[in-house]
Amino acid sequence: MAIEDMYGSSDEEYYNGGYDDEDEDDYDRDPGPESDDDLSCVKAPSCRVIRKESLLAAQKEDLQRVVDLLSLKEHHARTLLIHYQWDVDKVFAVFVERGKERLYAEAGVTLEDKDENPASDPSTEFTCEICFEDFPAEQTTLMECNHRFCNDCWTEYFVVKINDGKSRRITCMAQKCKAICDEGKIRDLVTAKDPNLAEKFDRFILESYIEDNKRVKWCPSIPHCGNAIRVEDDEYCEIECACGQQFCFNCLCELHSPCSCIMWDLWLKKCNDEAPTVTWLSEKTKHCPKCHKIVEKDGGCNLVQCICGQPFCWLCGEATGLEHTWNSITGHTCGRYKESHLKSEDSVEDYWRLTHYYRRYKAHIDSLKIEASETKQKILDKVRSLEAKEFQLKDFSWAMSGFYRLTLSRRVVACSYPFAYYYFGDLFANEITKEEREIKQNLFEDQQQQLETNIERLSKFLEEPFAKYAEDKLMKTRMKIITLSTVTDDLCKKLYECIDNDLLVSLQQATHTIVRYRSKGVEKASEL
């Protein structure tokens with residue numbers, strides 16, 4: 001399929017006023033080094049890899065901050081942090097706004113000084129209010145809430161809680177008491193009966209740093225690499241683990257920006273349910289725009305004619321004339337989505353909408369897979385060939401830089417189609433008027449088409465056999481790739497700004513947050 005057929009061929013749609021292969025002036029310039037400010041719209045949150053051996057150190061780092069501020073014992077600080085999901089800033093905020101007593105009470109922390117051995121006579125006995133047996137003081141345990149029970153009852157209670165997976169916040173056995181039990185006393189009592197279970201308790205306490213912490217999540221790699229990732233600021237970010245797995249930190253799915261996590265979840269379900277049928281129908285059949293009968297394509301030309309006599313474009317289904325060339329239909333382009341392909345039932349319109357967006361999404365994803373598996377190796381081979389030549393130019397990093405820009409940008413434009421499917425569909429029908437939607441759709445599609453066109457041009461130049469070029473022609477190709485990389489990066493940034501500032505900002509629903517654009521690509525998590 002020719003690029004022009006899918007994306008249109010009008011020079012007015014190209015970024016910065018068009019491009020002509022014979023006009024090199026626009027490309028004979030070196031953009032110069034990019035600053036850090038140029039490389040990212042907003043500074044992305046830093047992230048860390050937490051391995052099994054560094055998990056304890058990561059936990060103690062947060063514990064120490066709370067211990068230092070509030071002058072607490074470590075187990076009290078842990079109780080506070082588990083209650084507030086390991087959000088140190090939240091603990092500090094509650095401390096300032098509500099005071100220490102309210103902070104401790106809500107988390108179940110009791111700090112009153114208790115006499116661990118109130119009876120001077122070791123023979124003093126206490127009645128356990130659970131089993132109603134009498135025990136000497138050394139066979140009972142007093143918690144900080146001043147409730148005392150026999151060691152056997154405490155131990156059985158703790159064993160049940162640990163086996164039920166509720167060991168992170170074990171409350172006192174006393175009726176209506178919400179105080180959290182001292183983990184040290186829990187550990188001592190359980191160890192005496194079952195050392196293995198005590199180890200399980202310690203593991204649960206340690207892993208609570210990940211399970212209960214919104215800033216820390218397990219890497220979703222399969223098989224699991226054993227790593228967790230901690231972000232320091234915004235949970236809406238895209239991360240690369242030390243194992244190489246790239247994912248959205250918020251929803252743990254594959255990379256999907258600029259599509260929101262909620263939209264992406266809906267899109268995956270839609271694709272799983274309907275994509276096989278849509279793929280078959282979109283590849284094999286189309287509805288005639290005149291009589292609405294199903295037409296099956298049996299040749300290679302994208303201009304087809306229904307039995308009623310109506311010619312139309314196979315790619316978009318629009319009615320056309322019969323005049324055409326090998327790569328275009330006279331007076332026709334079909335890169336944009338038109339609201340009504342068929343003047344019929346809503347279900348047919350829904351089919352056309354899904355077909356339009358899914359086919360273009362799938363086309364870019366397929367291209368991305370091919371570029372990752374084949375194009376990258378071809379470029380590396382061309383670079384090696386160039387390095388072996390006696391050229392004045394010695395630095396060929398621009399080739400791989402262009403490739404990485406291509407793959408990053410293609411993923412962005414691919415995921416912009418699921419976003420458009422839902423944003424301009426029924427998801428926000430109650431918040432956007434038809435007139436507003438039309439204006440915003442035109443704005444979005446202008447940005448999307450400019451990006452799409454320049455991605456294909458960048459891909460075209462990267463596929464050229466530039467390793468065989470003379471040095472002067474190689475220099476021109478280099479400048480084209482460098483400039484197109486810069487233009488594509490700028491267009492990605494503009495598309496994100498359009499979505500964030502012009503489309504999502506007016507919505508009452510704050511749940512559709514998108515990841516901030518990073519020109520350098522997905523952030524690689526550093527070691528803790």
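Values reported hereafter were calculated over all heavy atoms of this structure, with side chains retained and with hydrogens, waters and symmetry mates removed.
By the side chain to side chain contact (heavy atoms under 4.5 Å, CB included) test, Ala242 is found to be paired with Val49, Arg51, Asn227, Glu527, residues two or more places apart in sequence or in another chain being considered. Take Lys166 and apply the salt bridge (Lys or Arg N to Asp or Glu O under 4.0 Å) test, not counting sequence neighbours, and it matches no residue. Residues meeting the side-chain hydrogen bond (donor to acceptor under 3.5 Å, both in side chains) test with Lys60, sequence neighbours left out: Glu74. Contacts of Glu438 classified as salt bridge (Lys or Arg N to Asp or Glu O under 4.0 Å), with partners at least two apart in sequence or in another chain: none. Qualifying side chain to side chain contact (heavy atoms under 4.5 Å, CB included) partners for Ile262, counting only residues two or more places apart in sequence or in other chains: Ser260, Leu266, Thr511, His512. Among residues two or more places apart in sequence or in another chain, the side chain to side chain contact (heavy atoms under 4.5 Å, CB included) test is passed with Glu254 by Trp264, Leu268. Under the salt bridge (Lys or Arg N to Asp or Glu O under 4.0 Å) criterion, Arg102 pairs with Glu106, sequence neighbours left out. For Phe419, the ring pair (Phe, Tyr, Trp, His ring centres under 6.0 Å) partners at least two apart in sequence or on another chain are Tyr423, Phe444. Under the salt bridge (Lys or Arg N to Asp or Glu O under 4.0 Å) criterion, Lys200 pairs with no residue at all, not counting sequence neighbours. In this structure Val383 satisfies the side chain to side chain contact (heavy atoms under 4.5 Å, CB included) test together with Ile379, Glu387, Phe396, Ala399, sequence neighbours excluded.
Judged as a side chain to side chain donor-acceptor pair (under 3.5 Å), the pairs with a partner in residues 237-250 (not counting sequence neighbours) are, in order, Glu238-Ser257, Glu240-Gln246. The salt bridge (Lys or Arg N to Asp or Glu O under 4.0 Å) contacts involving residues 374-383 comprise Asp381-Arg384, where partners must be two or more places apart or lie in separate chains.
Using bins of under 30°, 30° to 60° and over 60° for the plane-to-plane angle, the ring pair Trp86/Tyr209 lands in the perpendicular bin.
Using a 4.0 Å cut-off between charged side-chain N and carboxylate O, Asp502 and Lys440 make no salt bridge.
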